[in-house]
Amino acid sequence: QIDDLAEVDYSLNSFPAVFQPFIDLDLKGVVFPAGNATDSPYMAASFTIPDQTDSMLYLAFSEYFFQTSSFAYYTAGAFNTTIAEETCSYFNINTEIFGSIIPEVAKYSVTPYPVMLKLMATEIPIISLEQDSFTVEIQGSMEVLAVLPDSTTQSLFTMNVAANTSISLNVFDQKLMGSLCLNR
């Protein structure tokens with residue numbers, strides 16, 4: 001079990017290949033929702049690790065591993081979150097801010113009310129491995145709700161969001177560092 005949402009099957013695909021200078025372990029690496037070891041909607045493609053001899057251990061993760069991880073966490077609802085009114089109040093986000101951008105909100109809400117944001121992935125995020133980075137494509141929606149004085153909420157608007165980001169990983173001073181770039 002990875003956490004409360006996902007589990008991983010890292011069983012051997014084949015017997016270990018033992019050679020004089022190394023041992024090759026071919027592990028499955030499938031992630032699935034916790035308690036629900038269902039078949040993945042993805043097909044695993046075989047890949048090889050380039051021959052290298054200057055390190056003691058090499059690990060390789062396939063695109064399939066990241067795709068099944070994305071599927072498992074999406075199925076478990078990990079990409080859905082609510083940003084509470086307390087957090088929005090800390091950043092001074094309220095109906096007045098949205099009213100200055102969207103005239104319909106200003107007509108509806110004359111008194112500034114705190115807001116709550118509901119973020120939800122609408123499709124399984126797509127993860128693609130590239131030469132020196134990987135790309136994550138996320139499609140989702142954001143619902144903005146006004147928190148009224150009686151603690152009920154009123155939906156103001158819903159907005160669809162599509163984001164494409166690239167993440168590059170590098171090792172500096174024995175630390176794994178990442179850089180994030182919003183492509184669109």
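Computed from a predicted model, the values in this text were never measured in an experiment.
- The hydrophobic cluster containing Met120 does not contain Leu5, counting ILVMFWY residues as joined when their side-chain heavy atoms lie under 4.5 angstrom apart, directly or transitively.
- For Ser141, there are no side-chain hydrogen bond (donor to acceptor under 3.5 Å, both in side chains) partners at least two apart in sequence or on another chain.
- A donor-acceptor pair under 3.5 Å links the side-chain atoms of Thr95 to the main chain of Tyr113, judged by distance alone.
- With sequence neighbours excluded, the residues satisfying side chain to side chain contact (heavy atoms under 4.5 Å, CB included) with Ile167 are Phe134, Val136, Leu169, Leu180.
- Checked by atom type and distance alone, the side chain of Asn94 pairs as donor or acceptor with a backbone atom of Glu96 at under 3.5 Å.
- Remark: Glu63 pairs with no residue by the salt bridge (Lys or Arg N to Asp or Glu O under 4.0 Å) rule, at least two apart or across chains.
- Taking 4.5 Å as the limit, some side-chain heavy atom of Phe157 sits within range of a side-chain heavy atom of Ile102.
- For the side-chain hydrogen bond (donor to acceptor under 3.5 Å, both in side chains) test, no residue two or more places apart in sequence or in another chain qualifies with Tyr64.
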Let me have the donor-acceptor pairs involving side chains of residues 145-153, under 3.5 Å, with sequence neighbours excluded, atom names and distances please.
residue : atom : partner : partner atom : Å
Asp150  : OD1  : Thr152  : N            : 3.1
Asp150  : OD1  : Thr152  : OG1          : 2.6

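- Looking at residues two or more places apart in sequence or on another chain, you find a side chain to side chain contact (heavy atoms under 4.5 Å, CB included) between Ile124 and Tyr42, Ser70, Phe71, Tyr74.
- Contacts of Phe65 classified as ring-ring contact (aromatic ring centres under 6.0 Å, His included), with partners at least two apart in sequence or in another chain: Phe61.
- The shortest distance between side-chain heavy atoms of Gln139 and Val161 does not fall below 4.5 Å.
- Residues meeting the side-chain hydrogen bond (donor to acceptor under 3.5 Å, both in side chains) test with Gln154, sequence neighbours left out: none.
- Scanning for side-chain hydrogen bond (donor to acceptor under 3.5 Å, both in side chains) contacts around Asn80 gives an empty result, with sequence neighbours left out.
- Considering only residues two or more places apart in sequence or on other chains, Leu119 meets the side chain to side chain contact (heavy atoms under 4.5 Å, CB included) condition with Thr81, Ile83, Met142.
- Cluster partners of Leu182 are absent, since no Ile, Leu, Val, Met, Phe, Trp or Tyr has side-chain heavy atoms less than 4.5 Å from it.
- Taking the side chain to side chain contact (heavy atoms under 4.5 Å, CB included) definition, one finds that Ser179 meets it with Ser168, sequence neighbours left out.
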